[in-house]
Amino acid sequence: DSGVTQTPKHLITATGQRVTLRCSPRSGDLSVYWYQQSLDQGLQFLIQYYNGEERAKGNILERFSAQQFPDLHSELNLSSLELGDSALYFCASSEGTSNQPQHFGDGTRLSIL
Amino acid sequence: ILNVEQSPQSLHVQEGDSTNFTCSFPSSNFYALHWYRWETAKSPEALFVMTLNGDEKKKGRISATLNTKEGYSYLYIKGSQPEDSATYLCAFLGYNAGNMLTFGGGTRLMVKP
């Protein structure tokens, strides 16, 4: 058990809808990272927050947004969903900077019908 | 676009065999290299974070070396066991990348009993 909690585990919705994925980091970790793993693709970095502030941004679509709250949990919001957004979304956390290991949650599997 | 390559893509070995695989990354602007182990239906688990040229890290039967000047890292598994079957991912962090890890495609290891 990594100590990182992601909810829900599975989400099935339709095109055009909006969903929110939630992540609670490991106790004491200030950084939260979001990743997307689509079919036949590796882990793609989306965005990182550190202690409530955005620190790094990858190839995150404009339809996607995230935030980290004062209690350090984070939410990833995906809107105007398309079939291609179907993927496994991972959250990871670390104590601080990226020369520290990241601890991954079990992921949320999003299926768009 | 950063090029992080892992080879081979997949590897089948017999129980008891020792094995190794490679992660190649840009040799300029190196900051850190991460290794993760990802078992099927689970989440990635941190193995090592390597930051110094010539670094060598060990965890049980698994060890890793780092050459930042030529841009490669080797992961070794001594006396492979069926429970070592997993995908092994490396991820590169450059100085100019903020905190964004770029993952390789992984090496899928299958150990036959």
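Protein chains get the first letters and strands the later ones, always in sequence-line order, with residue 1 at the start of each. Quick note: numbers below take in every heavy atom, side chains included, and nothing from hydrogens, waters or symmetry partners.
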Near-ring test B:F103/B:W38, centroid separation under 6.0 angstrom: no
Side chain / backbone / both / neither for A:Q6 at chain B, heavy atoms under 4.5 Å: neither
Given a strict heavy-atom distance threshold of 4.5 Å, which part of [X] is in contact with chain A: side chain, backbone, both, or neither?
{"X": "B:W35", "result": "neither"}
{"X": "B:L89", "result": "side chain"}
{"X": "B:Y36", "result": "side chain"}

Ionic contact status for B:E39 with B:R37, cut-off 4.0 Å: yes
Donor-acceptor side-chain pairing of A:S38 and A:Q44 below 3.5 angstrom: no
Sequence-distant partners of A:Y89, ring-ring contact (aromatic ring centres under 6.0 Å, His included), two or more places apart: none
